[in-house]
Amino acid sequence: MKKDNLKDQYRINERIRVREVRLVGDDVEPGVYSTSEALRMAQDQGLDLVEISPNAASPVCRITDFQKFLYQQKKRQKEQKAKSVKVIVKEIRFGPQTDDHDYNFKLKHAKGFLEEGAKVKAYVFFKGRSILFKEQGEVLLLRFANDLEDYGKVEQLPVLEGKRMIIMLSPKKVAVSPANPKPQVKKVITKPKPAEPTSEEKKEEE
């Protein structure tokens with residue numbers, strides 16, 4: 001079904017009903033040709049005349065194997081889809097006077113989010129007169145970023161937006177291949193080399 005939809009996006013050969021087209025591609029002199037001439041050129045090569053840009057003043061066409069062209073387009077779409085990774089943003093909220101227990105609890109969650117590849121949007125919410133503590137909120141967010149430096153990098157420094165001061169952290173990508181795990185550091189304890197006996201000690205032994 002998807003293949004048919006892609007196929008229907010392009011006009012080919014006799015379905016191209018304009019007076020002239022602009023040819024591009026390999027084995028052809030680029031330029032504007034009458035549609036009938038461009039179609040004859042395609043037929044002489046045993047290929048198809050494919051309209052790739054219908055909205056140009058002279059629609060742009062390419063002489064190619066249409067099935068091969070569809071395959072390449074489908075492959076390109078898959079590659080683009082694979083590259084467009086969905087970005088997940090997790091929010092963590094603090095108060096301007098968050099205690100250590102609550103802070104550490106949220107810090108632990110943030111580490112987990114970053115390890116999973118999600119971004120973290122941490123913010124301090126100022127309610128009412130607590131906006132007077134905005135400097136305290138900024139210190140808290142900077143401390144938060146510092147405690148997460150092994151897991152994420154700062155994408156946006158603390159900025160005040162209305163009643164919220166926000167900082168953005170993105171995950172650090174540390175890929176460890178199973179075939180090449182992180183080497184373990186072994187402690188090597190060397191025993192001191194015994195001292196050479198003195199001339200007097202040698203005489204006693206004799």
Side-chain angles (χ1 to χ4, degrees), residues 1-93 109-123 145 148 151-162 164 166-182:
M1 187 69 180
K2 290 182 181 179
K3 186 176 180 181
D4 292 337
N5 289 340
L6 182 62
K7 185 176 180 180
D8 292 339
Q9 290 178 17
Y10 300 95
R11 292 190 299 181
I12 66 168
N13 300 327
E14 289 78 7
R15 291 175 57 195
I16 304 172
R17 297 175 182 176
V18 293
R19 192 166 63 180
E20 59 183 23
V21 297
R22 180 177 295 278
L23 284 182
V24 297
D26 303 326
D27 302 323
V28 67
E29 183 68 30
V32 177
Y33 296 80
S34 67
T35 305
S36 58
E37 185 180 1
L39 185 57
R40 180 186 58 77
M41 292 168 65
Q43 290 172 343
D44 288 346
Q45 296 182 44
L47 299 172
D48 301 296
L49 183 65
V50 182
E51 185 182 63
I52 58 176
S53 181
N55 298 323
S58 294
V60 180
C61 294
R62 181 185 294 272
I63 294 176
T64 184
D65 182 320
F66 187 49
Q67 293 304 320
K68 184 178 179 181
F69 174 80
L70 287 177
Y71 171 77
Q72 290 172 340
Q73 292 299 109
K74 189 175 181 181
K75 184 179 179 182
R76 189 176 291 111
Q77 286 181 355
K78 284 184 177 181
E79 289 173 353
Q80 291 175 346
K81 187 176 180 181
K83 289 179 181 178
S84 60
V85 181
K86 187 177 179 181
V87 179
I88 299 173
V89 179
K90 298 287 188 177
E91 291 193 352
I92 293 181
R93 171 176 168 168
H109 277 282
K111 288 178 180 178
F113 295 148
L114 291 167
E115 285 179 329
E116 291 169 2
K119 289 187 177 184
V120 171
K121 180 180 182 180
Y123 65 91
L148 291 169
Y151 301 86
K153 56 185 177 181
V154 177
E155 192 174 282
Q156 174 189 296
L157 287 169
V159 59
L160 189 63
E161 295 181 3
R164 301 194 304 176
I166 300 168
I167 192 170
M168 284 291 295
L169 301 170
S170 57
K172 283 186 176 179
K173 295 181 180 178
V174 181
V176 179
S177 171
N180 298 295
K182 186 177 180 181

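Quick note: numbers below take in every heavy atom, side chains included, and nothing from hydrogens, waters or symmetry partners. Heads up: numbering here begins at 1 and tracks the sequence. Please read these numbers as outputs of a predicted model, since none were measured by experiment.
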Note to self: To the nearest 0.5 Å, what is the distance between CD on Q77 and CD on Q72?
What the structure shows: 12.5 Å
Checklist line | Exam field: side chain S53 to backbone P59, donor-acceptor pair closer than 3.5 Å | finding: no
Check: If you measure from CD on E37 to CD on E20, what distance do you get to the nearest 0.5 Å?
Finding: 11.0 Å
Checklist line | Heavy-atom side-chain contact between V120 and L148 under 4.5 Å | finding: no
Checklist line | Spatial distance of atom CD (Q9) from atom CD (E51) [nearest 0.5 Å] | finding: 12.5 Å
Checklist line | Within 6.0 angstrom of R15 CZ, more than 12 heavy atoms from elsewhere | finding: yes
Next item on the list: Quick one: list whatever passes side-chain contact (heavy atoms from CB on, under 4.5 Å) with L39, sequence neighbours left out.
Entry: N13, E14, Q43, L49
Next item on the list: Would you indicate whether the side-chain heavy atoms of I63 and D27 approach each other to under 4.5 Å?
Entry: no
Note to self: Once ring pair (Phe, Tyr, Trp, His ring centres under 6.0 Å) is applied, what residue pairs with a partner in residues 47-69 remain, sequence neighbours excluded?
What the structure shows: Y10-F69
Margin query: Which heavy atom of E161 sits nearest to which heavy atom of I166, and what is that distance?
Written below: OE1-CD1, 3.3 Å
Item checked: Heavy-atom side-chain contact between V154 and L169 under 4.5 Å -> yes
Next item on the list: Locate the shortest heavy-atom distance separating D48 from A42; write the atom from each residue and the value.
Entry: C-CB, 3.9 Å
Margin query: Tell me every residue that passes side chain to side chain donor-acceptor pair (under 3.5 Å) with R22, counting only those two or more places apart in sequence or in another chain.
Written below: none
Next item on the list: List the atom of S170, the atom of E155, and the distance in Å for their closest heavy-atom pair.
Entry: CB-OE1, 3.4 Å
Checklist line | Side chains of L47 and T64 in contact at under 4.5 Å (non-hydrogen atoms) | finding: no
Check: Any chance NZ of K90 has more than 12 other-residue heavy atoms, nucleotides or ligands included, within less than 6.0 Å?
Finding: no
